[in-house]
Protein chains: 2
Amino acid sequence: MKLSTKGRYGVMAMVNLALYDHEGQVALKQIAEHEGISESYLEQLIAKLRKAGLVQSIRGAQGGYKLAKSPNEISVGEILNALEGILAPVQCGDNVNCCHNSSCKVKPVWEKIHTAVNDVVFSIYLSDLIKE
Amino acid sequence: MKLSTKGRYGVMAMVNLALYDHEGQVALKQIAEHEGISESYLEQLIAKLRKAGLVQSIRGAQGGYKLAKSPNEISVGEILNALEGILAPVQCGDNVNCCHNSSCKVKPVWEKIHTAVNDVVFSIYLSDLIKE
DNA sequence: TTATACTTGACAATTTTAGTCGGAAATGGT
DNA sequence: ACCATTTCCGACTAAAATTGTCAAGTATAA
Ligand code: FES
Ligand code: FES
């Protein structure tokens, strides 16, 4: 039930982008330095965020990244979903990590956890995190 | 944010024990067969549950395991804590998986997730899972 | 005493994580 | 036109965690 660095770094990077949102794009190098993260690694993460439509890239010299939407339109849930996949403790029905038992008694537990986590992360927006 | 098989198998095994609670102890072999789990692997898991005081072992021939408390005194949270550790997405302050940033903006997010998950798992008891 | 079953610890295959690396493509500045 | 900068892409890798397996030993009921 731990988050990997993908999700952790990703949210950190997005907060960073939100902080510098008003002054145009920010180079990946800057973010990596600010957060003390490997730049090469962050590259992979932000690629996913771009494909998810959360950030926008400007190529070439003086290029960089910026948020694709306003900070109050991007939730932590979207970020984590893009990087970590579905936030369920068990994904029932994927026929490998599930019990294959028709009278499964614990499935409701996994579902409740999933719902509770989603309720939290989809109700917190970047704008909530950058104001003090 | 996925649960490992430790937690999943552990809860399944505990439900199984709760179902047969009235007829004394159950051999590990039985549980393993019922749930389709490796017996040798389950051995390690139930050892942790025993050390956590959730199950009780009866050694010798015709021995086995039984719940150490009544099903309505054992929550899913206790089981998962024993097997997976603290159920927080990020453990701030363990000085390795944390941001070391005094002005961390995301810590409240991790804390809210942790609280939400705990609220769910510590409010579901084995007795809730075995009735119907 | 003998069979059953718990207990412990070492070992190993597989998968995931957490990066690294090299180069290609785009673009603004000179 | 050229060059420095920066994104983009794919392959590769070391380390760690996961998911077991196995063998030997201990306790106890029958
Ligand atoms: S664990 Fe998914 S249905 Fe039982
Ligand atoms: S992530 Fe733990 S304090 Fe920032």
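Here dT15(C) presents its P atom at 12 Å from CG of Asn97(A), a figure rounded to the nearest Å. In this entry the distance linking CD of Gln56(A) with P of dT27(C) reads 13 Å, nearest Å. dA27(D) atom P lies 19 Å from atom CD of Gln25(B), rounded to whole Å. Look at CD on Glu33(B): it is 14 Å from C1' on dA5(C), rounded to the nearest Å. Taking atom OH of residue Tyr41(A) and atom C1' of nucleotide dT16(C), one finds them 10 Å apart after rounding to whole Å. One can place CG of Leu45(A) at 12 Å from C1' of dT17(C), the figure rounded to the nearest angstrom. One interatomic measurement links the two molecules: CD of Glu84(A) to P of dT16(C), which rounds to 14 Å at whole-angstrom precision. Rounding to whole angstrom units, CG of residue Leu42(B) and P of dA5(C) are separated by 15 Å.
Taking every side-chain heavy atom of Glu43(B) into account, dT8(C) is the closest of dG22(C), dC6(C), dT8(C). The side chain of Arg50(A) lies closest to dC9(D), out of dT7(D), dA18(C), dC9(D). Distances were taken from every side-chain heavy atom of Ser40(B) (C-beta onward) to each of dC8(D), dT21(D), dT19(D); the shortest belongs to dT21(D). Closest contact between the side chain of Gln62(B) and the listed nucleotides dA5(C), dT7(D), dT21(D) involves dA5(C).
Checked against Tyr65(A) for a side chain to side chain contact (heavy atoms under 4.5 Å, CB included), the options Ile46(A), Val26(A), Asn16(A) give a single hit: Ile46(A). A side chain to side chain contact (heavy atoms under 4.5 Å, CB included) with Leu126(B) holds for exactly one of Leu67(B), Asp21(B), Val11(B); it is Leu67(B).
Projected onto DNA chain C by closest heavy-atom contact, Ala61(A) and Arg8(A) fall at different nucleotides, the more 5' of which corresponds to Arg8(A). Mapped onto DNA chain D by nearest heavy atom, Tyr9(B) and Ile46(A) fall at different nucleotides, with Ile46(A) at the one closer to the 5' end. Heavy-atom distances to DNA chain C give each of Tyr65(B) and Lys6(A) a nearest nucleotide, and the one nearer the 5′ end belongs to Tyr65(B).
Checking the phosphate oxygens (OP1, OP2) of dT16(C), no side-chain nitrogen or oxygen of Ser4(A) falls inside 4.0 Å. Taking 4.0 angstrom as the limit, Thr5(A) places a side-chain polar atom (N or O) nearer than this to OP1 or OP2 of dA18(C). At dT6(D), none of the side-chain N or O atoms of Ser57(A) fall inside 4.0 Å of OP1 or OP2 (strictly under the cut-off). Between Ser38(A) and dA18(C) there is no side-chain polar atom (N or O) within less than 4.0 angstrom of OP1 or OP2.
For a distance-only test at 3.5 Å, the side chain of Gln44(B) fails to qualify as a donor-acceptor partner of the base of dT18(D). Taking 3.5 Å as the limit, the base of dT4(C) and the side chain of Arg59(B) contain no donor-acceptor pair of atoms between them.
For Gln25(B) (side chain) and Gln62(B) (main-chain N/O), a donor-acceptor pair under 3.5 Å exists by modelled atom type. Judged by distance alone, with hydrogens and angles left aside, the side-chain atoms of Ser70(B) form no donor-acceptor pair with the main-chain N or O of Glu73(B) at under 3.5 Å.
Using a cut-off of 4.0 Å between Lys/Arg side-chain N and Asp/Glu carboxylate O, Glu43(A) and Lys48(A) are scored as not salt-bridged.
Remark: Ala27(B) engages Gln30(B) in a side chain to side chain contact (heavy atoms under 4.5 Å, CB included) (not counting sequence neighbours).
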